[in-house]
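This report refers to the structure that appears directly beneath it.
Both counts, for ligands and for their atoms, begin at 1 and track the order of listing. Numbers here are sequence positions counted from 1. The shown structure was predicted, so the numbers you read here are calculated from the model rather than taken from an experiment.
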Amino acid sequence: MTTRRESIQERGTYSDHNKEAAYTRFLSQNPGYDADQIDHLRDRQYSRIDQQQQIYLDYTGGGLHASSQLEEHMELLSRTVLGNPHSNNPTSQAMTNLVEGARARVLEYFLASPDEYVAIFTANASGALKHVGESYPFMDGSRYALTYDNHNSVNGIREFARARGARIDYVPLLTPELRVDQASLDRILARARTDRPNLFAFPAQSNFSGVQHPLDLIAVAQEQGWDVLLDAAAFVPSNRLDLSRWKPDFVSVSFYKMFGYPTGVGCLLARKPALERLQRPWFAGGTITLASVQADRHFMATGEAAFEDGTVDYLNIPAVAIGLGHIEKLTIERIHDRVEALTAWILEEFLALRHDNGRHLVRVYGPIDTDRRGGTITVNLYDPQGRLFDYRRIEELANQEQISLRTGCFCNPGAGEASEELTTAEIEAGFAAGPNIGFPYFISVIEHNTGKSAGAIRVSVGIASNFADVYHLLRFISGFVNVESNKIGAVEFDIDSCRVIRDGA
Ligand SMILES: Cc1ncc(COP(=O)(O)O)c(C=O)c1O
């Protein structure tokens, strides 16, 4: 058996020498890949990636910005005097115009009629989701239904629902594709009491498996008396969300995932009738029309104003309009096709990687082709004896090669549980040691007791990805062909609750 360092033979398949031929083959198999315009853009607007020899493959974690976005934003800030938009003076009015212009641009980008939808600026997608959770009028007899593969910021809404007496129903996924179990969903949706508020939440694209759930589910649920919350955070960076066609009641997005900059701004897109049913649990500066200390009364503002607590991130909001302009110039369709082509190639190559004994190196969670899936690919690696490689060590080794991957559970525990078919008893054994155990201990208990993995490796491609990035990734991954899982060295860091922990930290 060879060690990882010796396993050059397979890596040789992805040598510089073979790269040109592989690229030609890739182009002939993937005509959707736009080799001219976006490659050119990468050279001009994202040149820092190659200058620093970074292989960025975490677009589901965060998108990357083009340098022109920064230049345009800095130019705007340098030539304008802008004040807090809550005042009525000239600098405040100038700022208000920019914020309202960006708001209109967001609605326009998502093809949402301003007669029908409201765009509420939030700190991020989680902020949008929290608004819905804390203000949705759950009550005894209500239901909160959600698919297994939601991000924790959607899972967390169950705590608001439970506190107000609603019942929580998780819609299972079917393995191995990790798509919704339609029969279970139909049963759950049919149980709603139509005289109670009911909320159904699902991701337009899973940030774990890349699965894109059918957007037809929106109308199906609404027809049965449900409001629908569509978490579009992982979908919109490389897919068109057309709100003139699809009519979810609530949509959550984070703009940094779409175009990298600015961070700190997300959005809740809400249908006006659904928004009117929300009941805010408090008021803040900017959310009321009138409040009195002595009378102990307040009147809430209407529309987006009722949900933007205090001062919005006003200097950054114009950068959202700039970012949307950047995407529009490229077109989301072109980004989509390119992401799809790169995803197809990664999947194909991953599945072709085998040890000499014929066993697969890579296990892909979810769909293994590009049918109804996006550019997020989650995997684990197994050695020739079928033993799991520690994903944390794989990440450390990737780090040494300047490859940015994501590992862990990606704040999406349900998809991981479904993909490994973990039972409730197996998971509860992991929780048994109490609240201080943390994720590293939890996964070690799960792996020790069950031999299953409670974490994985995620690769995601996006707006600035090119063939060279994914070729480099394949070269790295193929280095584990014919390598034993205990020959790659010890893990040096851990990830707990999406935070990296190093010894002594
Ligand atoms: C599908 C999905 N929903 C919600 C979120 C939360 O986004 P944020 O961390 O920007 O609030 C993420 C982040 O990864 C996500 O992928």
Between F410 and F208, how do the two ring planes meet: parallel, tilted or perpendicular, split at 30° and 60°? tilted
So, Q224 side chain and V220 main chain: donor-acceptor pair closer than 3.5 Å or not? yes
Heavy-atom count around F250 CZ within 6.0 Å, excluding the residue itself: above 12? yes
Using the ring of each side chain (for Trp, its six-membered ring), is F467 parallel, tilted or perpendicular to Y471, with breaks at 30° and 60°? tilted
Residues with a heavy atom under 4.0 Å from ligand 1, by chain and number, are N124, A125, S126, H151, N207, D231, A233, A234, S254, Y256, K257
Is any side-chain N of the basic residue among R103 and E100 closer than 4.0 Å to the acidic one's carboxylate O? yes
For residues 117-131, pull every pair meeting salt bridge (Lys or Arg N to Asp or Glu O under 4.0 Å), keeping only residues two or more places apart or in separate chains. none
